There are 2 protein chains.
Amino acid sequence: MAKSPSKPITEHLAYLLAQANREINRQLDARFRKEGVPVEQWRILKVLSDGKGHSMGELAEAVLLNHPTLTKMVDRMVSDALVYRVQDADDRRKVLMFSSDRGKALTQRLNSLALSQEAFIAENYGNKATADLKRLLESLIEKAN
Amino acid sequence: MAKSPSKPITEHLAYLLAQANREINRQLDARFRKEGVPVEQWRILKVLSDGKGHSMGELAEAVLLNHPTLTKMVDRMVSDALVYRVQDADDRRKVLMFSSDRGKALTQRLNSLALSQEAFIAENYGNKATADLKRLLESLIEKAN
DNA sequence: CGGGAATCGTTGAATATTCAATATTTTCCA
DNA sequence: TGGAAAATATTGAATATTCAACGATTCCCG
C-alpha cells in the first residue's frame with residue numbers, strides 16, 4: 001500500500017480563508033498606504049464613528065484584537081490625536097474611547113478608500129458571487145461561536 | 001441632511017474574511033495546542049511532506065509567510081529537529097528544505113487533528129455550505145491575483 | 001567572455017504582539 | 001456589611017514579525 005497522500009493544504013477551509021484574507025487585506029492596506037494607517041486602525045475608527053464611546057473590551061472584540069494589543073495600538077492613535085480616552089463615570093474600571101475630529105476626518109477618507117475596494121471586488125468577482133460569499137461567511141461565523 | 005451612516009464594518013468583505021479566518025484559526029490552534037505547534041508550522045510540514053525539497057521562496061509563497069519570517073520560523077523548526085536545510089546543488093543561492101522523520105511523524109498527527117476539525121465544521125455548518133464556501137474562496141483568490 | 005543587474009536567502013535593528021502579572025474597581029454572597 | 005471573587009484595562013518582559021540592507025550566486029547581454 002502506497003503512503004496515503006493526505007489532503008493537500010490548498011483544500012483545507014482554514015487555508016483558503018487565510019489565503020483569501022491575506023490577499024484582500026493586502027489590497028486594502030495598499031489603498032490605505034497613502035494615509036499611513038493599518039487596517040486595524042480603520043476598524044477602530046469605524047467602530048468609534050458612531051460617536052458613542054466604546055469600552056476597550058467592546059472595541060477589542062469588535063476589531064478582532066486582543067486587549068494588550070489594542071491598548072498599545074490605541075496609545076499610538078492617541079499620540080496621533082486620532083482618538084481619546086475618557087474614564088467611564090458609571091463603572092470606573094472602564095475606559096471609553098472616542099474619535100477626535102481629526103480621527104473622524106480620517107475615517108471618512110478611509111471609508112471611501114474601502115468602499116472603492118469593495119466596488120472593485122464586486123466588479124471583478126461578480127455581484128452575486130460577492131453577495132453569496134458574504135452570506136456564507138456570516139453564517140460560518142455565527143455557527144463557529 | 002443627517003450625517004451619512006456609512007456601511008457598518010460587519011458588512012465589509014475584508015472584515016468578514018478576517019473574522020472567519022480568526023475564528024477558524026483559533027479553533028485549529030486549540031487542537032494543535034497539545035502538540036505545541038502553531039498553524040504555520042503545520043503548513044510548512046505539510047508542504048514538505050511530499051519529500052521533494054522545496055526552496056525557501058516556494059515555501060514562503062505556499063505557507064503565506066514573508067521571507068524573513070519564514071527564515072526565523074524554519075530556524076526554530078531546525079532546532080526542534082523537524083526539518084533540515086540542504087543547499088541546492090543546481091543553484092547554490094537556493095536552500096532546499098526537507099522534513100525529518102520526526103517532522104513526518106508530527107505531520108501525521110497534525111493532519112489528523114486538522115481533518116477532524118474539517119469534519120466538525122462540515123457537520124455543524126453543512127456539507128453543501130462548506131463546499132460552496134470553498135469554491136467561492138478559491139475563485140476569489142484566483143481573481144485577486 | 002566580462003560585468004552589471006537580478007535573484008535568493010539571511011541578518012540586525014526597529015517595531016509589534018503576546019503572555020503573565022498587576023492595579024483598580026465592582027459584584028456578590030455569607 | 002465585609003471581604004473574597006470577578007471584571008476591566010494596563011504594564012513589562014519575552015517573543016515574533018517586519019523593514020531595509022547585505023552577501024552570495026546566477027543571469028543576461030554588449
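Quick note: numbers below take in every heavy atom, side chains included, and nothing from hydrogens, waters or symmetry partners. Naming convention: chains lettered A, B, ... in sequence-line order (proteins, then strands); numbering from 1 in each chain. As the structure is a computational prediction, the values presented were derived from the model and not from experiment.
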Practice prompt. Using whole Å, report how far CD of Glu58(B) lies from P of dT7(C).
Written response: 16 Å

Worksheet entry | Lys94(A) NZ to dA9(D) C1', straight-line distance once rounded to whole Å | 12 Å

Worksheet item: Less than 4.0 Å between a side-chain N and a carboxylate O, is that true for Lys128(A) and Asp132(A)?
Response: yes

Practice prompt. List the atom of Gln27(B), the atom of Ala144(A), and the distance in Å for their closest heavy-atom pair.
Written response: NE2-O, 3.2 Å

Worksheet item: Quick one: Asn66(B) CG to dC8(C) C1', roughly how many Å, whole number?
Response: 15 Å

Response to the item:
Closest non-hydrogen contact found for Leu65(B) with Arg22(A) is N-NH1, 3.9 Å

Fill in: Close residues, residues 28-43 of chain A, relative to DNA chain C [heavy-atom separation under 4.0 Å]
none

Under 3.5 Å between N/O atoms: give me all the protein pairs with nucleotides 11-14 of chain D, atom names plus distance.
from, atom 1, to, atom 2, distance (Å)
dG12(D), O6, Lys72(A), NZ, 2.6

Item to complete: Identify, between Asp88(B) and Ser55(A), the residue whose nearest nucleotide on DNA chain D lies closer to the 5' end.
Response: Ser55(A)

Fill in: Nucleotide nearest Thr69(A) when distance is taken to its side chain, options dT10(D), dT18(C), dG9(C)
dT18(C)

Discussion item. If the threshold is 4.0 Å, N to carboxylate O, is there a salt bridge linking Lys134(B) and Glu118(B)?
Written reply: yes

Discussion item. Can you tell me whether the side chain of Arg93(A) and the base of dT24(C) have a donor-acceptor pair closer than 3.5 Å?
Written reply: no

Response to the item:
When every non-hydrogen atom of Leu59(A) is compared with those of Met97(A), the smallest separation belongs to CD1-CG, 3.8 Å

Worksheet item: Taking OP1 and OP2 of dT10(C), is either one under 4.0 Å from a side-chain nitrogen or oxygen of Arg85(B)?
Response: yes

Discussion item. Restricting to non-hydrogen atoms, name the atom on Gly53(B) and the atom on Leu96(B) that form the minimum distance, rounded to 0.1 Å.
Written reply: O-CD2, 4.1 Å

Response to the item:
dist Lys104(B):NZ -> Leu45(B):CG (nearest 0.5 Å) comes out at 11.0 Å

Worksheet, complete the sentence: Closest non-hydrogen contact found for Ile24(A) with Leu17(B) is CG1-CD1, 3.6 Å

Discussion item. Does dA7(D) have OP1 or OP2 under 4.0 Å away from a side-chain N or O of Arg92(A)?
Written reply: no

Discussion item. Between P on dA9(D) and CD1 on Ile44(A), what's the gap in Å once rounded to a whole number?
Written reply: 13 Å

Worksheet item: Atom CD of Glu61(A) and atom C1' of dA9(D): how far apart are they, to the nearest Å?
Response: 16 Å

Item to complete: Whole angstrom is fine here: how far is it from CG in Leu65(B) over to P in dC19(D)?
Response: 13 Å

Item to complete: For the pair Tyr84(A) and Phe98(A), name the ring-plane relationship: parallel under 30°, tilted 30 to 60°, perpendicular over 60°.
Response: parallel

Practice prompt. Check the distance between dT17(C)'s C1' and Arg22(B)'s CZ and give it to me in whole angstrom.
Written response: 12 Å

Worksheet item: Expressed in angstrom and rounded to an integer, what is the separation of Leu70(A) atom CG from dT18(C) atom P?
Response: 12 Å

